[in-house]
Amino acid sequence: MSRNYKFHNKSGLYFISFATINWIDVFTRQAYFNVLAESVNYCRAEKGMELYAYCFMPSHVHFIFRSANEQPSELLRDFKRHTSKKVIEAIENNPQESRKEWLLWMFERAGKRNATTSKYQFWQHHNKPIELWSDKVIKQKIDYIHNNPIENGFVTNAIDWKYSSARNFQDDHTILKIDSVGFFE
C-alpha cells in the first residue's frame with residue numbers, strides 16, 4: 001500500500017472514503033443503512049470514534065473523523081470488518097432481497113481473488129485518508145461530503161439526503177449524532 005494512503009498522524013482529523021467492491025450499490029434498503037448507523041454509534045461509544053461529518057451513499061461511505069484512542073487505522077479496520085459481516089448477514093437473511101444470489105456471488109468472487117479473505121470481500125481495501133490541517137480544508141471536505149448526493153442526482157438539497165450529516169448541520173440529529181469541529185456551529 002502506498003505511503004500516501006496511511007494514517008501518519010494518529011491523533012489527526014481525517015477525511016476518508018471507502019467503497020464496496022466494484023462500487024456495487026448495496027445500500028439500497030433500510031436494513032443495510034441501519035447496519036452502518038449502528039456500527040458508527042458503537043464505534044463512537046466503545047472505540048473512541050469522533051465523527052464530524054458523514055454521508056452514506058449506495059456504494060460508498062464518507063467520513064470526517066478522528067480516533068480519540070489514536071488508532072485510526074485499527075478503528076476503520078474494525079468498522080469495515082464488522083459492517084461487512086453484518087451487511088452480508090442482512091442480505092442472506094432478507095427474503096425480499098431480489099439481488100441476493102448475485103450480491104453474494106460478487107462478494108465471494110472478490111474474496112477468492114484476495115489471499116487475506118476467508119470467504120467474502122465486501123469493501124475495497126483502500127481508504128485514501130487525507131489529513132485535514134486547516135479550517136478551509138475541513139470546510140471543503142464537509143461541502144464535498146454533503147454535496148455528494150446532489151452530484152449523484154439523488155436530491156436537489158443536501159439536507160434531503162437522509163444519511164448525511166448535512167441534516168445535523170441543520171439541527172436534525174435523528175439518524176446519527178456527530179461531534180463538533182467548532183468553527184461552523
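Please read all numbers here as calculations on a predicted model, not as lab measurements.
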Modelled atom types, side-chain donor and acceptor of [X] and [Y], under 3.5 Å:
X	Y	result
Ser17	His62	yes
Glu89	Asn93	no
Gln30	Lys162	yes
Ser67	Asn69	no
Asn9	Ser11	yes

What distance do [X] atom [atom1] and [Y] atom [atom2] have between them, rounded to the nearest 0.5 Å?
X	Y	atom1	atom2	value
Leu76	Arg81	CG	CZ	11.0 Å
His60	Asn152	NE2	CG	6.0 Å
Tyr163	Phe154	OH	CZ	14.0 Å
Met57	Ser164	CE	OG	9.0 Å
Lys119	Lys112	NZ	NZ	9.0 Å
Ile175	Asn34	CD1	CG	8.5 Å

Query - Which residues share a side-chain hydrogen bond (donor to acceptor under 3.5 Å, both in side chains) with His146, sequence neighbours left out - result: Ser165
Query raised in the report: Under 4.0 Å between a Lys/Arg side-chain N and an Asp/Glu carboxylate O for Glu92 and Lys100?
Result: no
Query raised in the report: Do Glu50 and Arg66 meet the salt-bridge criterion of a basic N to acidic O distance under 4.0 Å?
Result: yes
Query - Side chain proximity check, Phe15 to Ile142, heavy atoms < 4.5 angstrom - result: no
Query raised in the report: Given side chains that start at C-beta, do those of Leu51 and Arg44 come closer than 4.5 Å, heavy atoms only?
Result: yes
Report task. Please assess Asp135 against Lys139 for the test salt bridge (Lys or Arg N to Asp or Glu O under 4.0 Å), listing each intermediate value before the final yes or no. Result -> CA-CA 6 Å; Asp135 288 354; Lys139 174 99 173 76; over 6 Å; no
Do any N or O atoms from the side chain of [X] and from the backbone of [Y] form a donor-acceptor pair under 3.5 angstrom?
X	Y	answer
Arg29	Gln96	yes
Lys80	Gln124	yes
Trp161	Pro149	no
Arg167	Asp172	no

**Report entry** Lys177 atom NZ: more than 12 heavy-atom contacts under 6.0 Å
**Finding:** no
Query - Residue Lys10 excluded, over 12 heavy atoms near NZ under 6.0 Å - result: yes
Query - Reference residue Phe63; test ring pair (Phe, Tyr, Trp, His ring centres under 6.0 Å); the match among Tyr14, Phe18, Tyr52, Tyr144 - result: Phe18
**Report entry** Audit row: Phe122, Tyr120, ring pair (Phe, Tyr, Trp, His ring centres under 6.0 Å) steps and yes/no
**Finding:** CA-CA 6 Å; Phe122 183 81; Tyr120 295 122; 9.6 Å; no
Query raised in the report: Which is it for Phe27 and Tyr32 under the ring pair (Phe, Tyr, Trp, His ring centres under 6.0 Å) test, yes or no, and what are the steps along the way?
Result: CA-CA 6 Å; Phe27 302 103; Tyr32 310 153; 7.2 Å; no
